[in-house]
Protein chains: 2
Amino acid sequence: MKKLEDSLTLQLLRSRESAMQFFRPILQETGFTEQQWRVIRVLNDNKQMDAKQLAERCCILSPSLTRIISRFESEGLIIRNRSEHDQRITLLSLSDKASEIFKEVSPKIDQAYATLIGKLGEEKMQQLSRLLTEVTKLTP
Amino acid sequence: MKKLEDSLTLQLLRSRESAMQFFRPILQETGFTEQQWRVIRVLNDNKQMDAKQLAERCCILSPSLTRIISRFESEGLIIRNRSEHDQRITLLSLSDKASEIFKEVSPKIDQAYATLIGKLGEEKMQQLSRLLTEVTKLTP
DNA sequence: GCAAAGTACTTAATTTGTTAACTAATTAAT
DNA sequence: ATTAATTAGTTAACAAATTAAGTACTTTGC
């Protein structure tokens with residue numbers, strides 16, 4: 001059997017590391033960690049989500065999310081509500097303050113994104129995005 | 001400006017998470033963590049490397065690598081040597097014991113890999129690999 | 001309708017990652 | 001030549017990830 005020159009998971013890790021370098025300086029400025037920003041980003045797109053969904057979409061395990069949420073709540077960035085239908089479920093949404101911060105940072109992120117696309121090329125970017133979506137769908 | 005449905009870095013993270021699910025059960029058996037296995041895997045491919053190169057290729061920061069190396073050395077899995085030309089550099093290589101372990105685990109990894117390729121398709125796999133290599137090369 | 005199983009978090013303990021400061025060795029600059 | 005700057009690696013302090021166990025609520029099965 002032919003030996004692969006490199007493992008896919010390692011390639012995914014390295015390429016993510018490269019891609020992150022476009023955004024790290026911006027995150028550094030905001031003071032948010034990568035994980036914290038993922039939470040803000042995903043919550044901004046989905047207005048309201050329960051903690052489990054949010055954890056899945058952010059690739060953050062529940063215990064880590066609990067910590068981030070607790071901190072954000074105490075800082076007035078996130079609003080935590082119990083679902084009426086199911087008292088186990090925590091519904092989460094961004095506060096106006098957090099939405100405001102997102103609006104301020106977002107253009108810088110978009111700009112870095114544009115730089116990245118500029119370097120890789122629009123077409124390759126879309127190709128890559130499609131393939132990654134397929135890989136993500138491989139497991140339930 | 002058109003809003004992207006999802007960020008590349010998050011897609012890379014999620015797809016890696018999916019891909020990892022094929023290998024996690026095997027790693028669990030061995031008792032190695034993801035990072036530890038990356039060190040063993042990369043060192044097995046490159047016979048001898050200095051710590052900096054190894055850290056870069058494994059996407060592990062030096063302090064974390066120091067810890068892993070120290071532990072592996074005390075367990076007799078890794079051999080640490082000073083470079084003759086430059087006394088700052090630590091040259092690392094797998095012990096016979098570690099090579100043996102790699103040989104035992106490797107077939108299982110290959111098998112999981114084959115399953116993954118089977119699900120995604122050989123061609124898409126190669127396409128993806130090429131694109132990821134390009135992304136990795138975007139930053140120095 | 002009530003015990004048993006399942007779900008959605010949360011808490012606690014351990015390991016790992018991250019940042020910054022530090023030591024030792026080498027290279028560069030005047 | 002000797003100080004200054006750079007590089008490789010380590011150490012220390014803190015934040016985050018991971019695993020396992022725990023709590024509260026809901027659904028299922030008899």
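The chains referred to below are lettered A, B, ... by the order of the sequence lines, with proteins before strands, and numbering in each begins at 1.
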Estimate the overall bend of the helix from C:dG1-D:dC30 to C:dT30-D:dA1 from the end axes over five pairs each, rounded to 10 degrees.
30°
Using atom CE of B:M49 as one end and atom C1' of D:dG9 as the other, report the distance to the nearest whole Å.
16 Å
Contact list please: residues 72-90 of chain A against DNA chain D, heavy atoms, distance less than 4.0 Å, in numerical order.
A:H85, A:D86, A:Q87, A:R88
Got a sec, which residues hit side chain to side chain donor-acceptor pair (under 3.5 Å) with A:R24, two or more places apart in sequence or on another chain?
A:E17, A:E34
Hits for side-chain contact (heavy atoms from CB on, under 4.5 Å) against B:E122, two or more places apart or cross-chain, chain-then-number order -> B:I117, B:Q126
Quick one: list whatever passes side-chain contact (heavy atoms from CB on, under 4.5 Å) with B:S70, sequence neighbours left out.
B:T66, B:R80
Pairing residues for A:A55 by the side-chain contact (heavy atoms from CB on, under 4.5 Å) criterion, not counting sequence neighbours:
A:L65
Taking ring-ring contact (aromatic ring centres under 6.0 Å, His included) as the definition, give me every residue that meets it alongside B:F22, ordered by chain and number, with sequence neighbours left out.
none
For A:I26, the side-chain contact (heavy atoms from CB on, under 4.5 Å) test, sequence neighbours excluded, returns A:V105, A:K108, A:I109, A:A112
Excluding sequence neighbours, so at least two apart, what forms salt bridge (Lys or Arg N to Asp or Glu O under 4.0 Å) with B:R82?
none
Residue list, salt bridge (Lys or Arg N to Asp or Glu O under 4.0 Å) with B:R71, at least two apart or on another chain:
B:E75
Can you tell me the distance, in whole Å, between the CZ atom of A:F32 and the C1' atom of D:dA16?
16 Å
Other ILVMFWY residues reachable from A:I89 by side-chain steps of under 4.5 Å:
A:L91
Starting at the 5' end of nucleotides 13-22 of chain C, put B wherever the base has a protein heavy atom under 4.0 Å, S where only the sugar-phosphate does, and a dash everywhere else.
---BBBBB--
Between P on C:dT10 and NZ on A:K52, what's the gap in Å once rounded to a whole number?
14 Å
Check whether B:S93 reaches the backbone of B:Q48 with its side chain - one donor and one acceptor, N or O, closer than 3.5 Å.
no
